[in-house]
2 protein chains.
Amino acid sequence: MLNELADAREAYNLPHVQQEPRIAAMQTEPKPIEQKQIEPSFKVACSNCNLRELCLPVGLNTDEMQQLDGMVATRRKVKQGGHLYSSGDAFTTLYAIRTGFFKTCVVSEDGREQVTGFQMAGEIMGLDGIVSDKHNCNAIALEDAEVCVMPFNHVEDLSRQIPVLQRHVHKIMSREIVRENGVMMLLANMRAEERLAAFLLNLLQRLHARGYSKSELILRMTREEIGSYLGMKLETVSRTFSKFSEDGIIEVKQKNIRILDHDKLKAIFNASTC
Amino acid sequence: MLNELADAREAYNLPHVQQEPRIAAMQTEPKPIEQKQIEPSFKVACSNCNLRELCLPVGLNTDEMQQLDGMVATRRKVKQGGHLYSSGDAFTTLYAIRTGFFKTCVVSEDGREQVTGFQMAGEIMGLDGIVSDKHNCNAIALEDAEVCVMPFNHVEDLSRQIPVLQRHVHKIMSREIVRENGVMMLLANMRAEERLAAFLLNLLQRLHARGYSKSELILRMTREEIGSYLGMKLETVSRTFSKFSEDGIIEVKQKNIRILDHDKLKAIFNASTC
DNA sequence: CCGGCTACTTGATGTACATCAAGTGAATCC
DNA sequence: GGATTCACTTGATGTACATCAAGTAGCCGG
């Protein structure tokens with residue numbers, strides 16, 4: 001059930017992406033790379049994009065690929081801390097993350113905030129807005145980011161013409177439903193150590209699918225945001241990191257995490273017995 | 001954020017369904033009505049279905065409606081306790097519930113079960129299967145039920161021809177994503193009383209949208225299933241019911257619940273303060 | 001370089017809920 | 001119709017995590 005957490009490749013239905021040092025560097029580099037301005041002459045085009053294996057269906061012919069190039073209306077940059085969209089905003093477009101890292105969170109009437117997910121390059125944001133034509137959560141950049149803006153009408157038009165794209169859109173939404181099922185399991189049934197192990201493994205796998213190391217990662221979010229996502233307090237997150245560190249499973253240096261014993265982490269994630 | 005829990009009409013984007021005594025009776029009747037066999041001559045047809053306002057988009061012309069009549073390949077009955085589908089089954093079709101009540105649940109490797117939702121008439125099941133072409137959870141009937149079988153290929157074909165249907169399918173999936181966001185908030189942030197209040201209010205609203213009373217309901221699931229869904233143990237569910245009962249908020253007689261003070265229930269749901 | 005801030009860590013104490021255990025009451029089955 | 005079972009209730013006790021509190025470390029602006 002938590003396959004999604006246990007095998008990113010299957011869950012995300014991705015081909016293995018070859019290691020791309022330029023991208024890989026971004027994760028280990030403390031500062032986000034300064035995004036060079038896109039010259040007006042250089043048209044935004046999915047067919048050229050090195051992330052297309054993450055965003056787009058595989059098996060498109062060149063004709064269809066050309067049609068798809070029109071899907072992205074424009075790109076948009078969001079500064080760290082900035083909102084890509086906010087709860088209540090009119091929904092008109094989906095977004096594909098090109099660079100950067102986001103969180104989505106819902107806020108209850110009485111002000112409690114719940115982080116519902118963390119999103120990285122190649123992932124699609126905004127699906128929550130479809131049902132009521134307005135966004136249902138806040139999407140906030142955790143580092144300087146750039147997204148592809150895909151007007152939803154346009155996505156739907158193209159979906160009607162390209163069945164492979166139609167299926168792809170459905171899969172993306174279904175994947176999100178299945179992911180959230182996994183999170184529900186995590187929140188309802190797991191103890192703190194299992195939750196944090198699951199969280200780390202999930203991040204590692206998704207980063208690995210993007211060409212990053214399997215044994216190292218930089219957390220883009222605070223302990224509090226991790227805690228919100230995992231249903232625990234920031235102190236407990238901190239203590240659990242310390243515990244893992246004492247047990248020689250990981251090495252924690254601020255937001256830099258090095259995985260020393262991947263198997264033990266998996267064992268904790270699977271363990272119901274203490 | 002928990003608007004979904006607080007206002008079923010908005011969340012489900014439904015027109016008010018007029019009270020239908022025949023259906024309403026089903027909720028208060030302990031035994032499910034014996035389903036009369038459909039004569040071969042009586043073709044399954046969405047256009048005749050009294051639940052179409054729940055399943056289908058509004059604003060279809062008669063032409064489109066006729067096309068849609070082909071969407072449901074057949075109907076299928078499921079006995080109480082029976083599986084509509086199981087985790088791992090090949091995914092080929094979606095299901096629309098005609099009568100009865102279901103739960104969906106995921107099971108982790110170590111056997112822990114997590115109820116991810118309860119579904120009632122007019123709701124669509126099976127969306128979890130799209131992403132990987134196999135089902136990702138178990139769908140189990142909590143009472144004798146009948147569903148409309150809608151081959152997904154067929155749904156996609158029709159979606160390409162009928163934009164209103166396409167949008168509708170997208171909304172249904174988005175609604176599920178938003179619902180699960182609400183459950184995440186509930187599991188991560190709320191205390192037992194708030195959870196149960198939210199659960200009851202949500203059930204009441206969905207039942208109300210189907211013509212049932214706002215002040216009475218029959219729980220189709222056990223305390224344990226409620227507990228699993230809400231991330232608490234059955235004893236805690238039971239105690240919380242007793243507490244509500246002592247406080248004069250509800251009257252509990254087995255699975256029959258009568259709401260005595262709807263406002264107080266809402267207040268508990270909203271309260272962060274104790 | 002210093003002062004203040006934010007993010008994090010670590011310890012002491014409290015508590016909501018889980019767990020364990022022993023009922024009760026309605027439904028089912030020979 | 002009495003025995004069995006299952007779902008539920010209620011009480012006593014335990015515990016994982018929250019809360020409260022007091023630090024420390026890295027970072028930013030001046």
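Given the structure is predicted, the values throughout are model-derived calculations rather than measurements. Note that these values count all heavy atoms, side chains included, but never hydrogens, waters or copies made by symmetry. Chain A is the first sequence line, chain B the second, and so forth, proteins listed ahead of strands; every chain is numbered from 1.
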Qualifying residue, where the test is salt bridge (charged side-chain N to carboxylate O under 4.0 Å, His left out) with A:E216 and the options are A:R258, A:K253, A:K255: A:R258
Electrostatic pair A:R210:A:E123 at N-O distance under 4.0 angstrom: yes
Side-chain ion pair, A:E246 and A:K243, N-O less than 4.0 Å: no
A:K233 or B:M221, whichever maps to the more 5' nucleotide of DNA chain D: B:M221
Shortest side-chain distance from [X], nucleotide among [options]:
X: A:S238; options: C:dC8, D:dC20, D:dA12; result: C:dC8
X: A:A192; options: D:dC17, D:dC8, C:dC20; result: D:dC17
X: A:T236; options: D:dC17, D:dC8, C:dA18; result: D:dC17

Whole angstrom value for the distance that separates C1' of D:dT10 from CG of B:L234: 12 Å
N/O (side chain, [X]) to phosphate O (OP1/OP2, [N]) under 4.0 Å:
X: A:R223; N: C:dA7; answer: no
X: A:K255; N: C:dC8; answer: yes
X: B:S242; N: D:dT10; answer: yes

A:F118 and A:Y229 aromatic ring geometry - parallel, tilted or perpendicular at 30°/60° bounds: perpendicular
